[in-house]
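Sequence lines set the chain letters: A, B, ... in the order given, protein chains first and strands last, and positions in each chain run from 1.
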There are 2 protein chains.
Amino acid sequence: MDGRAKSAAAVTLAEVAAAAGVGESTVSRVLRNHGSFSAKTRDRVMDAVNRLGYVPNMIAGTLASAGSRLVGVIVPSFSNIVFADVLRGASQALDDSGHQSVIGVSDYDPAREEELIASMLSWRPAAILLAGLEHTERARAMLKGGGARVAEMLDIDGNGLDLVVGFATAETGRASARHLLARGYRRIGYVGHDLSRDTRAAKRLAGFEDALAQSGLCLIDREIAPVPSSVEVGRDGLERLLARRPDLDAVYFSNDDMAVGGYFLCLSRGIAIPGRLALFGYNGLDVARLTPQPIATIRTPRVLIGETAARLALTGAPAQTVDVGFELIEGATA
Amino acid sequence: MDGRAKSAAAVTLAEVAAAAGVGESTVSRVLRNHGSFSAKTRDRVMDAVNRLGYVPNMIAGTLASAGSRLVGVIVPSFSNIVFADVLRGASQALDDSGHQSVIGVSDYDPAREEELIASMLSWRPAAILLAGLEHTERARAMLKGGGARVAEMLDIDGNGLDLVVGFATAETGRASARHLLARGYRRIGYVGHDLSRDTRAAKRLAGFEDALAQSGLCLIDREIAPVPSSVEVGRDGLERLLARRPDLDAVYFSNDDMAVGGYFLCLSRGIAIPGRLALFGYNGLDVARLTPQPIATIRTPRVLIGETAARLALTGAPAQTVDVGFELIEGATA
DNA sequence: ACATTCATTGGCAGCGCTGCCAATCAATTT
DNA sequence: AAATTGATTGGCAGCGCTGCCAATGAATGT
């Protein structure tokens, strides 16, 4: 009719009330199925709602009732399936309880995370879910005083603000190292990505080196690319590392994407796995489980973490730390 | 002090105004940097803001100004990097223009998508971004009258509601078929996933078969699993297909995840690629580009699609369809 | 027949902020 | 010196809905 995107002003609850011949509060009660009303009234209201195509205005409703059903979720990246999994778990729990998620991507940047927290808080969300325990000072202050529940996900190595749902990150690194050591590998290298931003990857590496040190060993060499992780970075990283240290017998990767890249390099080069070189990843991704030789890795319950964090945050659970654990997958590459 | 998550009632603009000794509208003007005010006033206001830790309430602001900076984004799934890419593009453009994205996952279910549209519309978003052109009748009606810009992404084969940003889906299937035919493959099979839900995969297959038909050929056999796509489903699907038709010389997969699964099967079985069997995927994923032999596939500009859709929707561009095209990657598996 | 209970219902004051308009005051203009 | 201009500023009416409370009328009890 009009050609414009904005149609005439939206139908309001008052108009529905007038059309149905009842009071505003009655319409409100019927729509929220809260309080009492007769069946006849309900039918009259619903009829008017459908006839007018009424869509409730949550903005107004939230303002009036001082309590939003929005939940802010901040993830470091979308490129990594890990966060997609966490989001999936959280989304599920959120949807089930009638909440909506407002999502932000921090790009592994604490300053950006801080900005996102500020702008999310201005929507007065019921809760904010974040990755990790590392935040700027101001971010922590805002979260503490923001009136929203806070859930920090994935890592439990440190002090949380409110709810913490994850697993011992450094311990995954230690477990990985112990596994390689138990299998007899001694000349171990590391191929990783930007550690200054990905603090959890840094914690894993620290745990890994810690366990090596307990056996009187250390990493023979490391190849760290100052970019986000990817299959390609893993492949190229391993290539450079091997060029420097052809005597390596095992490599620990910063995650499975990287490890798959390394695995592909070995396939191309005909490097025997694990005979000539052992590979160890992190995450327990699908693709790493289905390579001709499943990659040795640590599986983390990511969907569960998202789901648990969302559920606890929305059910008024007391502040607590939940350790969901992790699982070492032996695979066939180590 | 209190132990409860909800702290004392949040600071309001009125309190800031009182603390700064100015009027409410002045605070509002300073905070939004809109209208005029003296430098001295600005300092007084900002000082009070910082002192009280004031966080603006967008809910109230949006209600008062009748125009939200929220944008709804509905994706079919989080498990598929494709949508993560689209989201990344959209998120970026949204952030840059000061908008927030509210995200929902439809799980490839039109009814669920309809629900999500209804609940997003109740937040009076500035725009709604969706995947594909297929929606329920009621969903289309709500979107038309919802007062929000609508951008349908990824596919342009059909009629859009407002903005459409994507590429010719069926044509990707045709291009894939023509490529295989040009290379001399004639005994072609298909390995796919749940087509009833993933309508774009169905359109690709239709285009593929269409091109085969034009050469007087047809698919020799097909193996379709009624579940979402994954590396595993691709591997197992190819295994079953080959068991039935060991005479196949090429396989078209519903996407790259599936194709990578098929590729892994061939590696494990020692099936020569492309000598004995050619593989063709769809999406142009990173992992498919980095396998020892890069997988033949179609690369789609997903991040660009998300970014373009968001930008057009927020800049008041007229209703239009934007074809961003796609690119056939020859790879080494066909 | 009159008091008491209870399910329904409507009225209306905000929720915290923005938009509009009028008021104020110093700087210019005639 | 009176008038005009323009930059600042405060007041206040909503935005659309919910929460509270009073009003209504029917049902029940004594």
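- A:E24 places its CD atom 12 Å from the C1' atom of C:dA13, with the value rounded to the nearest Å.
- Regarding B:H34, its NE2 atom lies at a distance of 16 Å from the P atom of D:dT9, rounded to whole Å.
- In terms of position along DNA chain D, the nucleotide closest to B:S25 lies nearer the 5' end than the nucleotide closest to the other residue of the pair B:S25 and B:L63.
- Within the 4.0 angstrom heavy-atom criterion, only backbone atoms of the sugar-phosphate kind lie near B:S38; the bases stay farther away.
- In this structure, A:S65 and B:G21 both approach DNA chain D, and ranking their closest nucleotides by distance from the 5' end singles out B:G21.
- Not a single donor-acceptor pair under 3.5 Å links the side chain of A:T26 to the backbone N or O of A:V22.
- Atom CG of B:N57 and atom P of C:dG16 are 7 Å apart (whole Å).
- Of the candidates C:dC17, D:dC17, D:dT9, the closest approach to any side-chain atom of B:T41 belongs to D:dT9.
- The distance between atom CZ of B:R69 and atom C1' of C:dT18, rounded to the nearest whole Å, is 14 Å.
- In this structure a side-chain-to-backbone donor-acceptor pair under 3.5 Å is present from B:E152 to B:L161.
- Considering only side-chain N and O atoms, A:R32 lies under 4.0 angstrom from the phosphate OP1 or OP2 of D:dG19.
- In this structure, A:W123 places its CH2 atom 13 Å from C1' of C:dG16, rounding to the nearest Å.
- In this entry the distance linking CG of A:L13 with P of D:dC15 reads 13 Å, nearest Å.
- Counted by atom type alone, B:S119 and A:Q100 present one or more donor-acceptor pairs between their side chains at under 3.5 Å.
- OP1 or OP2 of C:dT8 lies within a sub-4.0 Å distance of a side-chain N or O belonging to A:S36.
- Atom pair A:I59:CD1 and C:dT18:C1' shows a separation of 14 Å (rounding to whole Å applied).
- Between the CZ atom of B:R124 and the C1' atom of C:dT18 there is a distance of 18 Å, given to the nearest Å.
- Side-chain atoms of B:T62 and B:R69 form no donor-acceptor pair, as typed in the model, at a separation below 3.5 Å.
- Side-chain atoms of A:R29 come within donor-acceptor range of the base of C:dG10, with a qualifying N/O pair under 3.5 Å.
- For the pair A:D162 (side chain) and A:A151 (backbone), a donor-acceptor distance under 3.5 Å is absent.
- Checking C:dT18, D:dG10, D:dT18 against the side-chain heavy atoms of B:V22 singles out D:dG10 as nearest.
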